[in-house]
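See structure below.
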Amino acid sequence: GMDRKQTTETLLCLSPAEVANLQEGTNFVRNKTTGKNFILYKQKGHWKACKNVCKHQGGLFVKDMEDLHGRSVKCTKHNWKLDVSSMKYINPPDSFCQDELVVEMDEENGLRLLELNPPNPWDSEPRTPDDLAFGEVQITYLTHACMDLKLGDKRMVFDPWLIGPAFARGWWLLHEPPCDWLERLCRADLIYISHMHSDHLSYPTLKKLSEKRPDVPIYVGDTERPVFWRLGQSGVQLTNVNVVPFGIWQQVDKNLRFMILMDGVHPEMDTCIIVEYKGHKILNTVDCTRPNGGRLPGKVALMMSDFAGGASGFPMTFSGGKFTEDWKATFIRTERRKLLNYKAQLVKDLQPRIYCPFAGYFVESHPSDKYIKETNVKNDPNQLNNLIRKISDVVTWTPRPGATLDLGRMLKDPTDSKGIVEPPEGTRIFKDSWDFGPYLDTLSAAVGDEIFLHASWIREYFTWAGFKGYNLVVRMIETDDDFKPFPGGYDYLVDFLDLSFPKERPSRQHPYEEIRSRVDVMRYVVKNGLLWDDLYIGFQTRLQRDPDVYHHLFWNHFQIKLPVTPPNWRSFLMHCG
C-alpha cells in the first residue's frame, strides 16, 4: 500500500541555445521525438508552462490574433481562450485553470519541462492476473451504454437505459434490447450508474426494476451534484443506493473489486469505472471528456468508451450568422472525424487487449425531430474499429444487443470463433417503433398546469434558479413542435444583470440570446425544477445569439448548478390566489 510514490517525468529538454531563442511572452514548442506540443510563457526571467492541449476537449492552441498583449492563445476546436500568464481560461470566463508543468533550469541555462505524477490509485495492492476459465467472465451488450457483466458468480450492470426516451423526448434507443433485459437487471449484484444524464440514469427503466426489486444494490461516484438528486421526486422506490469515494478499491468478494474515477472536465457530475476480476481489468470510460484527468491504466483486458459524437445541441439547434446548413454539415463532419481520430489514438496509446465502442447508440426518432436526425450524423462504430485495427493490434468488438463476449476465450485466442457469440439468427437488432405516447403525455400534462395561468411564474422560476449579476439578456419564446410561437404561450425577456424582466431590450451594451423552446418540455422542466440538459441536449430548443459567443457561466448554471430542491409552487399558488 504505502510503497507507491510520486514520480517525475521529463517531457521536454531544451539546450541553452534553444532557450536563448525563446522570446518574451508566448512560445509554442514541440518535442520532435514524442510529437507532443507545449506552451512556454516567459516574463522577465520567470517561466510558466503547460501542455498544448485544451482542457475542454483536447484541441490544439494557436496564437490568438485578437490579443494585443501576446498573453492569450486560442483553441482551434471551439475558440476557447487561455491566458498563459495566469493559466486561467478567459473565454468562456470562470471555466477552468490549465494544469501547469514544472520548469527547471540548469547551470548552463538549459531547460527541462517536468510533470509530477502522483501514484495511480489502481496500482495499490496490485494483483497478478490468474487464468480465466471459459465462461467465467462474460460481457453481454444490452443497449447504448448498458452492459451486463458476469464475473465469476457475481453479476454487474452498467448504466441501464432500456425503455423510454432520454433528455425529455429527444433521444430514443437505436437498438432493440434483448427481451430478457428486466430479468438480467433484477439478478444483478451491482448496478453502476456513471452520471445523472438520462441516457445513463433512466428513471423509466429504474421504475420497472424497482417494482420487481427495490433493494437492488446501485453504486454511484461521490460527485458534487449527487447522481440521484431527484430520486425523491421521481416516484421510483430504490432502497439501496451506495455513494462511493473516488480512487479507492471497493472489494466485492475475493476475486472482484472496482474503483470509480472522476472526469477531469466535469468532475461535478461525470465518472468512469475500472472493474477488476482475478487481476484482469475492464475499463469503462463512459462519457468522460478527460477520464481521470487523462491518466488511465494501460494494457487492460477490455476497454469500452463512447465514440459517436452528436450528443450535444451544438451546432444543430443554432441559427443566424454563420450557422448555415453548409457550415453545420462541415462542422459536424470535421468534429466527427476529429473524435474518431482522437478515440483511435487513445486506444492505441492505452493498448487494451480488446476495445468496444458503445454509449452512442441513440436516435432522434420522434417525427418532430426529423431535421435533427438527418443533420446530426454520428460516427459509425465499424469505421472507428477499422481505424484502430489499422494503427494498432488491438482486437475490436462492435456490439450487437444480446451479443456476448467470453473474456477467457478472447484473451487466450482472439480468433476463437466462440469468443463472441452473436445474437441468434433473425433477432431484431434495430428498433423500428418507439412507444412515444405515454412519455409525451407526461410532458404535455405540464402545459395546462395551474402555475402557468399566472405570468408571475416567470419571476418565481428565475429567482429560484438563482442566476444573476451577469451581463446577458435572454429572450425566451414558448413554441409548438415546429418552433413557431405557441398560441397563448409566453414570450418574455430576462435581464440577468439584475434579474429583471423588461418589456424591451435595455439600452446598455449587452450580449443577447434568443431561446425558442417547445412548450411541453419547457413547462415540464420549469414545473419540476429540472436541469436544462433536457432542453439543450434533447434538441428541444432553437438558439440565436448576438454576438456569437458561448456564455459558459449561464449554460453551466442551468445545466449543472440549479438548486437541488424544486421550486415551491404550492406556496406560489397560495400567494397568487
Any side-chain heavy-atom pair of W161 and F362 under 4.5 Å: yes
State plainly whether the residues K51 and D99 are in salt-bridge range, i.e. N to O under 4.0 Å. no
Just by distance, with hydrogens left out, do D287 and H197 show a side-chain donor and acceptor under 3.5 Å apart? no
Verify whether the ring centers belonging to Y536 and W555 lie closer than 6.0 Å. yes
Does E224 CD have over 12 foreign heavy atoms under 6.0 Å away? no
In sequence, state the C-alpha distance, the side-chain angles, and the governing distance for F462 and L499, and then conclude on side-chain contact (heavy atoms from CB on, under 4.5 Å). CA-CA 8 Å; F462 285 98; L499 204 51; 4.1 Å; yes
Please examine the side chains of R30 and K36, heavy atoms only from C-beta on, and report whether any two atoms are closer than 4.5 Å. no
Is the F496-F467 ring centre distance short of 6.0 angstrom? yes
Can any side-chain N or O of D380 pair as donor or acceptor with the backbone N or O of N382 at less than 3.5 Å? yes
Taking the inter-plane angle between the rings of F323 and F314 on a 0 to 90° scale, is it parallel (under 30°), tilted (30 to 60°) or perpendicular (over 60°)? perpendicular
Rounded distance [0.5 Å steps], NZ in K338 versus NZ in K77: 6.0 Å
Test item: K468 and L497 side chains (from C-beta on) under 4.5 Å apart, heavy atoms: no
So, does R516 use its side chain to make a donor-acceptor pair with the main chain of F483 at under 3.5 Å? yes
Within the 4.5 Å heavy-atom criterion, are S72 and L82 side-chain neighbours or not? no
Point-to-point distance, once rounded to the nearest 0.5 Å, from NZ of K81 to NZ of K74: 6.0 Å
Side-chain (D369) to main-chain (I372) donor-acceptor, under 3.5 angstrom: no
Looking at T271, D263, D159, which hits side-chain hydrogen bond (donor to acceptor under 3.5 Å, both in side chains) with S194? D159
Decide yes or no on ring pair (Phe, Tyr, Trp, His ring centres under 6.0 Å) for Y470 and H551, but give the supporting numbers first. CA-CA 10 Å; Y470 184 83; H551 294 284; 5.7 Å; yes
What is the minimum heavy-atom distance between P118 and R295, and which atoms define it? O-NH2, 3.1 Å
For the pair K48 (side chain) and Q43 (backbone), establish whether a donor and an acceptor sit closer than 3.5 Å, ignoring hydrogens and angles. no
Any salt bridge linking R257 with E276? Criterion: basic side-chain nitrogen under 4.0 Å from a carboxylate oxygen. yes
Indicate yes or no for a side-chain donor-acceptor contact from S124 to the backbone of P121 under 3.5 Å, with no hydrogens or angles considered. yes
After noting the C-alpha distance and the side-chain angles of F258 and Y219, does the key distance pass the ring pair (Phe, Tyr, Trp, His ring centres under 6.0 Å) rule? CA-CA 10 Å; F258 68 93; Y219 291 82; 5.4 Å; yes
Taking H200 for its side chain and S198 for its backbone only, find out whether a donor-acceptor pair lies under 3.5 Å. no
Side-chain donor-acceptor pair under 3.5 Å between E24 and Y41, yes or no? no
Contact list for residues 346-363, test side chain to side chain donor-acceptor pair (under 3.5 Å), sequence neighbours left out: S305-Y355, Q345-D349
Over all atoms of both residues, closest heavy-atom pair of G221 and V227: O-CG2, 4.5 Å
Partner set under side-chain contact (heavy atoms from CB on, under 4.5 Å) for S365, not counting sequence neighbours: W172, V363, W434, F436
Taking atom types as modelled and ignoring hydrogens, do the side chains of Y89 and Q98 form a donor-acceptor contact shorter than 3.5 angstrom? yes
P506 and D495 have their tightest heavy-atom pair at CG-OD2, 3.7 Å
Are L60 and N37 side-chain neighbours, meaning at least one heavy-atom pair lies under 4.5 Å? yes
Are any side-chain N or O atoms of D106 and backbone N or O atoms of G110, one a donor and one an acceptor, separated by less than 3.5 Å? yes
When you compare the side chains of S319 and R542, does any donor N or O come within less than 3.5 Å of an acceptor on the partner? no
Answer whether the closest heavy-atom distance between the side chains of N31 and L113 falls below 4.5 Å. no
Please check: side-chain N/O of E18 versus main-chain N/O of S15, any donor-acceptor pairing under 3.5 Å? yes
Of all heavy-atom pairs linking L201 and H195, the shortest is CB-O, 3.7 Å
Over 60° means perpendicular and under 30° means parallel, so tell me whether Y141 and H175 are parallel, tilted or perpendicular. perpendicular
Any side-chain heavy atom of Y461 sitting closer than 4.5 Å to one from V494? no
Taking all heavy atoms of C75 and all of G59, pick out the closest pair and write down the distance. SG-CA, 3.6 Å
Side chain of N284, backbone of I273: donor and acceptor closer than 3.5 Å? no
Note, F246 side chain near T223 side chain (heavy atom, < 4.5 Å): yes
Would a line drawn from the ring center of F61 to the ring center of F28 be shorter than 6.0 Å? no
F167 and W171: aromatic ring centres closer than 6.0 Å? yes
Is there a salt bridge (charged side-chain N to carboxylate O under 4.0 Å, His left out) between R475 and E514 once you walk through the steps? CA-CA 5 Å; R475 180 178 174 194; E514 207 171 85; 3.6 Å; yes
Minimal non-hydrogen separation, H266 against I560, with atom names: ND1-CD1, 4.2 Å
Under the criterion side-chain contact (heavy atoms from CB on, under 4.5 Å), I'd like the reasoning laid out for V564 against R230: C-alpha separation, chi angles, the key distance, then a yes or no. CA-CA 7 Å; V564 170; R230 54 177 298 254; over 6 Å; no
Do the ring planes of H552 and W80 sit parallel (below 30°), tilted (30 to 60°) or perpendicular (above 60°)? perpendicular
Would you verify whether the NZ or CZ of R545 falls within 45 degrees of the ring axis of Y512 while also being under 6.0 Å from that six-membered ring's centre? no
